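Okay, structure first, notes after.
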Amino acid sequence: MVASKYAKRGLMQSEFTQRANALPAHGLGLSVDVYSPDLLQLVQALRDAGLEPGYLEVFKATTSVLQWVRRQLPDSTLTYHGEGLWSTQPDFPQSNSGRQGVAEACAQIAALNSAWLNHECATKQMAGYAFGTYLPPLYTDLSARMTAQNLVYLQNQVDEQARERGITPALVLLEMPPLTYFGCGTSGIPEFFRTVTGRAACGLVLDIGHLWTLYRYTGAWQRQRLEVFTDEFLDAFPMERVIEIHVAGLAEFASSDGLQDEASSALPYWIDAHGAPIPSVLFDLLDQVLSHPRLISLKGAALEVDTKPIAMIVEEFRRFRARFESTVNEVQQNRCASSPQSPVTDRLAGAMQILTSDERAALQRQYGTYVEFVTTQDAASMAEDLSLLGGSLEDLNRYRDCYLPHELLHWGGELQDMFPKTCRMLSEGHIPLERFVPFWFSRPRPEQDDYDFFLLKIDRFAEFAAHVCPPAAASVKAEAQELRDAYRVANEPAGLPEVRV
Ligand SMILES: [Fe+2]
């Protein structure tokens, strides 16, 4: 049993090594959004400053917009940052995310000609409930095995669709997600990723800011220095699978002012914030990560800069290049993976370890409990079933009482701006908009075709307003339709000029 476990781990590693060795070094890049800031303006500003990035990792948009990007930047190396692939969830292969979502991701990989498909090891959809931002997986052994199984499925789909298109298959990369005030589970986070990589030949993305949030919200900062935590973390983490490194900004959440900070708190309540400046502590951490001897598969390091002002991106990329270009090049060239080559393993070997239907059902139930845990006021009584990964219930309260309502009420558009007439009617009926939050989580709902928070918010609010204020039903329906139509037009490239940069 033990021998076969190690044999399997070895096969996964050699399949990974073969795929990783086939990837070209990408150098220093930027992970960007097409719209925010405007991608072509950003590229022009970088060129004007003599700072051409080695590659651009482009966040999911519509496939036609990504085809347009490819045409405008014919000489650039482009990679793909996926979204909406909920591979941590037990129903992934059967879900819309696992079917249409994966097919769309494959089309977008082909549009960009990307060498990899990066996706956060996190979800915005679980047990029938949707969130605006990512929730990390349950950090348990069962959940890691489920994620690995889903990643094998995902890589198989990517391979199959690439074969049909006659292109080289992209390698699936799993990004370790940040903690936004809390994490739940019983296993360590490095151990979770070790279990995943022992069962799936995927690569990993190590995000330096995410690593900092682990130090902050597992409570490790109260016991040890950041350098010591990082050393221990990296030694336990499957560093040999890290293909890409991300660095992005961190910032305190804008609406957390009302919350009482602990008097003893020595560290800020920073969370992942791509639009915020990169604190210097992250570049110091990056030095430490780049010097790790098991970082042997690195193919790129990117600043994640969506929603950041162009001038700040140019300045940060200048500093990033000046400090890390030679080290990253050296790591890419001299520490290449050296495991012996072997033929790509038939992944049917993994069939022996497919989760039973009981295990999947148990995990599905645990994700239902997880939703209750993070959305209801009664979290303390549920702590017996689900433990926090260190940190405190107070930190979880910060997420539930402040961050989560803000996400639903204000993100992706202010409700008053989106539905002015309906909001007036609700106000005249003395119905506070805050009631939208418990309504959102009042019951599970079927998954939408394609996860899109803006469209989801429109649908849910239309349902909410018609429910709590029947006279507003017609007005909210009309306003919702107007928003959907405008959104569809804004997301198509019809209005985008064909100007090669
Ligand atoms: Fe990232």
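For reference, positions follow the sequence shown, starting with 1. Because the structure is a prediction, the values reported are computed rather than measured.
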Side-chain donor/acceptor of Tyr153 to backbone N/O of Gly98, under 3.5 Å: yes
Donor-acceptor under 3.5 Å (His81 side chain, Leu117 main chain): no
Note: Arg318-Glu325 ion pair, threshold 4.0 Å (strictly below): no
Parallel, tilted or perpendicular, as decided by the 30° and 60° cut-offs, for the rings of Phe283 and Phe324: perpendicular
Side-chain heavy-atom pair Pro178, Glu120 within 4.5 angstrom cut-off: yes
Residues Gln333 and Asn329: side-chain donor-acceptor under 3.5 angstrom: no
Near-ring test Trp440/Tyr129, centroid separation under 6.0 angstrom: no
Thr307-Ser36 side chain donor-acceptor pair, cut-off 3.5 Å: no
Spacing of Leu483 atom CG and Phe461 atom CZ [to the nearest 0.5 Å]: 10.5 Å
Test item: Arg70 side-chain N/O and Leu73 main-chain N/O as donor-acceptor pair under 3.5 Å: yes
Face-on cation placement of Arg445 at Phe439 ring, 6.0 Å and 45° thresholds: yes
Tyr403-Phe131 aromatic ring centre distance below 6.0 Å: no
Partners meeting salt bridge (Lys or Arg N to Asp or Glu O under 4.0 Å) with Arg484 (sequence neighbours left out): Asp459
Pairwise distance CD(Glu315) to NZ(Lys308) - rounded to 0.5 angstrom: 11.5 Å
Donor-acceptor contact present, side-chain His274 to main-chain Ala248, <3.5 Å: no
Ser97 side chain vs Phe92 backbone, donor-acceptor pair below 3.5 Å: no
Gly84 backbone acceptor or donor facing Tyr451 side chain under 3.5 Å: no
Phe59/Tyr80 aromatic ring centres below 6.0 Å: no
Gap between atom CE of Met312 and atom CD1 of Ile278 - 0.5 Å precision: 9.5 Å
Sequence neighbours excluded - salt bridge (charged side-chain N to carboxylate O under 4.0 Å, His left out) pairs with any residue from residues 402-419: none
Contacts of Glu434 that satisfy salt bridge (Lys or Arg N to Asp or Glu O under 4.0 Å) - sequence neighbours left out: none
Polar side-chain atom of Ser143 near backbone of Leu138 as donor-acceptor pair, under 3.5 Å: yes
For Tyr55, ring-ring contact (aromatic ring centres under 6.0 Å, His included) partners two or more places apart: His26, Trp116
Near-ring test His406/Phe253, centroid separation under 6.0 angstrom: yes
Under 3.5 Å donor-acceptor, Gln72 side chain and Leu40 backbone: no
Aromatic ring proximity, centroids under 6.0 angstrom, Tyr217 and Phe182: no
Electrostatic pair Arg400-Asp395, nearest N-O below 4.0 angstrom: no
Leu234 vs Leu206 side-chain heavy atoms within contact, under 4.5 Å: yes
N/O donor-acceptor pair under 3.5 Å between Tyr215 side chain and Gln224 backbone: yes
Electrostatic pair Arg323:Asp284 at N-O distance under 4.0 angstrom: yes
Gap between atom CG of Leu409 and atom CZ of Phe436 - 0.5 Å precision: 7.5 Å
Residue pair His292 / Asp231, side-chain donor-acceptor N/O under 3.5 Å: no
Residue pairs, two or more places apart or on separate chains, that pass salt bridge (charged side-chain N to carboxylate O under 4.0 Å, His left out) and touch residues 162-171: none
Val289 vs Ile208 side-chain heavy atoms within contact, under 4.5 Å: yes
CZ on Phe453 to CG on Leu408, rounded to 0.5 Å: 5.5 Å
Salt bridge (Lys or Arg N to Asp or Glu O under 4.0 Å) partners for Lys124, two or more places apart: Glu83
OG1 on Thr133 to CD1 on Ile271, rounded to 0.5 Å: 8.0 Å
Charged tip of Arg216 within 45° of Tyr269 ring normal and under 6.0 Å: yes
CA sep, side-chain torsions, deciding dist, call: His246, Glu304, side-chain hydrogen bond (donor to acceptor under 3.5 Å, both in side chains): CA-CA 6 Å; His246 277 175; Glu304 273 188 298; 3.2 Å; yes
Pair Asp452-Tyr487, side-chain donor/acceptor within less than 3.5 Å: yes
Leu404 vs Val374 side-chain heavy atoms within contact, under 4.5 Å: no
Within-4.5 Å side-chain heavy-atom neighbours: Met126 and Leu135: yes
Under 3.5 Å: donor-acceptor pair, side chain of Ser475, backbone of Lys421: no
